[in-house]
Amino acid sequence: MIDLRSDTVTRPTPGMRRAMAEAEVGDDVYGEDPTVRRLEERVAELFGKEAALYVPSGTMGNQIALRLLCPPGEEVLADADAHIVTYEGGGIAQQGGIQTRTLVSERGLLDPDAVAAQLRAGDWHTVGTRAVAVEHTHNRGGGSVYPLERLRRLRELTRAAGVALHCDGARIWNAHVATGVPLAEYGALFDTLSVCLSKGLGAPVGSVVLCSAEQRPLAWRLRHRLGGNMRQAGIIAAGGLYAVEHHVERLAEDHANARLLADLLDLPAPETNIVLIPVPEALPADEVARRCREQGVLVSAFGPRTVRLVTHLDVDRAACEQAAKVVAAALAG
Ligand SMILES: *Cc1c(COP(=O)(O)O)cnc(C)c1O
């Protein structure tokens with residue numbers, strides 16, 4: 001099977017498994033796992049942030065970060081198709097008591113003017129905007145990348161309004177490789193970030209929340225409350241550390257493979273590793289996915305009218321060429 005459903009399906013490489021097997025560990029609920037500490041320090045250093053916290057998932061990372069920024073009963077502004085709005089089970093609402101106000105935006109990328117028009121201070125009568133959340137790259141936007149200038153404008157206008165800026169950076173590594181913008185330059189723009197190790201980077205488990213040193217004790221406490229404090233987590237953190245050291249620059253291969261897929265299917269070139277294929281009404285996306293599966297290719301039905309292909313560490317150029325043939329036949333037949 002050629003599995004293009006998501007970049008989460010990757011398995012640890014032999015080198016990564018060795019690093020995991022040999023990891024030095026301790027009880028991290030006591031803050032005593034040296035490998036977790038090394039991972040947190042390394043990711044904080046890469047993004048130029050004061051502090052980092054290893055968490056079991058990106059969903060938990062976003063919840064912790066947004067709860068650091070927004071008290072219950074106040075609001076976070078986000079794109080209507082954002083992961084935090086669509087795929088997190090309403091976590092920030094249920095666990096954090098946070099109201100979400102959404103804006104429909106092209107390819108998921110917030111327009112600074114539209115954001116500026118919606119920010120509100122809040123008073124005895126109205127809900128206050130406490131944070132704006134961007135998703136970079138944007139999943140449902142097709143791996144879309146924020147131009148740096150647009151992020152700078154969002155930073156300026158939120159700062160001027162006393163509003164925090166969060167980045168759901170599950171795939172920020174892809175944005176970094178696609179644009180050449182240093183991770184630390186992105187890091188400097190946001191109050192908090194959540195970055196995934198288990199997407200394109202290929203680690204089996206985990207994300208990292210980046211925040212200030214002052215925020216970290218509360219982030220730890222929130223992770224504990226969500227049941228996310230882990231014992232000898234160095235075993236899995238070692239996979240993340242290996243991924244950060246060995247699998248970032250190679251994301252360029254995934255981007256080239258995604259462009260190849262798009263080219264073979266006569267679609268516009270994607271910016272990163274996600275290819276969205278619009279399908280006609282007469283041929284629903286799950287029918288396309290079923291036909292592809294019969295021919296040995298796994299794809300995602302991404303709503304009724306869109307098929308999603310995601311390139312990653314475990315699919316090479318030849319697999320993408322084969323997949324393009326199968327998908328083209330499924331769309332034609
Ligand atoms: C995958 C993803 C997450 C978090 O995912 P988990 O599966 O909870 O680790 C968050 N945001 C985006 C944009 C994602 O693609």
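Computed over heavy atoms, backbone and side chain alike; hydrogens, waters and symmetry mates excluded. Quick note: residue numbers are just sequence positions, from 1. In listed order, ligands and their atoms are each counted from 1.
- Ion pairing between R38 and E41 fails under the 4.0 Å rule for side-chain N and carboxylate O.
- Here's the thing with R171: one of its N/O atoms is less than 3.5 angstrom from an N/O atom of ligand 1.
- Ion pairing between a basic and an acidic side chain is recognised when a charged N comes within 4.0 Å of a carboxylate O; R42 and E45 show such pairing.
- In this structure, atom 7 (O) of ligand 1 has its sub-4.0 angstrom surroundings free of protein heavy atoms.
- At a heavy-atom distance under 4.0 Å, only side-chain atoms of A170, from C-beta outward, approach ligand 1.
- Taking the charged nitrogens against the carboxylate oxygens, E149 and R153 have no contact shorter than 4.0 Å, which rules out a salt bridge.
- Of all protein heavy atoms, the one closest to atom 9 (O) of ligand 1 is G58 N, 2.8 Å.
- Both the backbone and the side chain of T59 come within 4.0 Å of ligand 1, judged by heavy-atom distances.
- Closest to atom 11 (N) of ligand 1, if we only count protein heavy atoms, is D168 OD2, 2.6 Å.
- Close approach of ligand 1 to S57 (heavy-atom distance below 4.0 Å) involves ligand atoms 8 (O), 9 (O).
- Under the 4.5 Å side-chain heavy-atom criterion for grouping Ile, Leu, Val, Met, Phe, Trp and Tyr, Y146 is connected to L157 within one hydrophobic cluster.
- No donor-acceptor contact under 3.5 angstrom links the side chains of N257 and R317, judged on distance only.
- Residues passing the side chain to side chain donor-acceptor pair (under 3.5 Å) test with D33, sequence neighbours excluded: none.
- Scanning the protein for heavy atoms near atom 13 (C) of ligand 1, the closest one is E135 OE2, 3.1 Å.
- Counting heavy atoms closer than 4.0 Å to ligand 1, residue I84 contributes nothing at all.
- With respect to the salt-bridge test (charged N to carboxylate O, under 4.0 angstrom), the residues R140 and D79 do not qualify.
- Every pair passing side chain to side chain donor-acceptor pair (under 3.5 Å) that includes a residue from residues 295-315 is listed here, sequence neighbours excluded: N139-R308.
- Under 4.0 angstrom from ligand 1, the non-hydrogen atoms of K199 all belong to its side chain.
- Considering backbone and side-chain N/O atoms, E88 never comes within less than 3.5 Å of an N/O atom of ligand 1.
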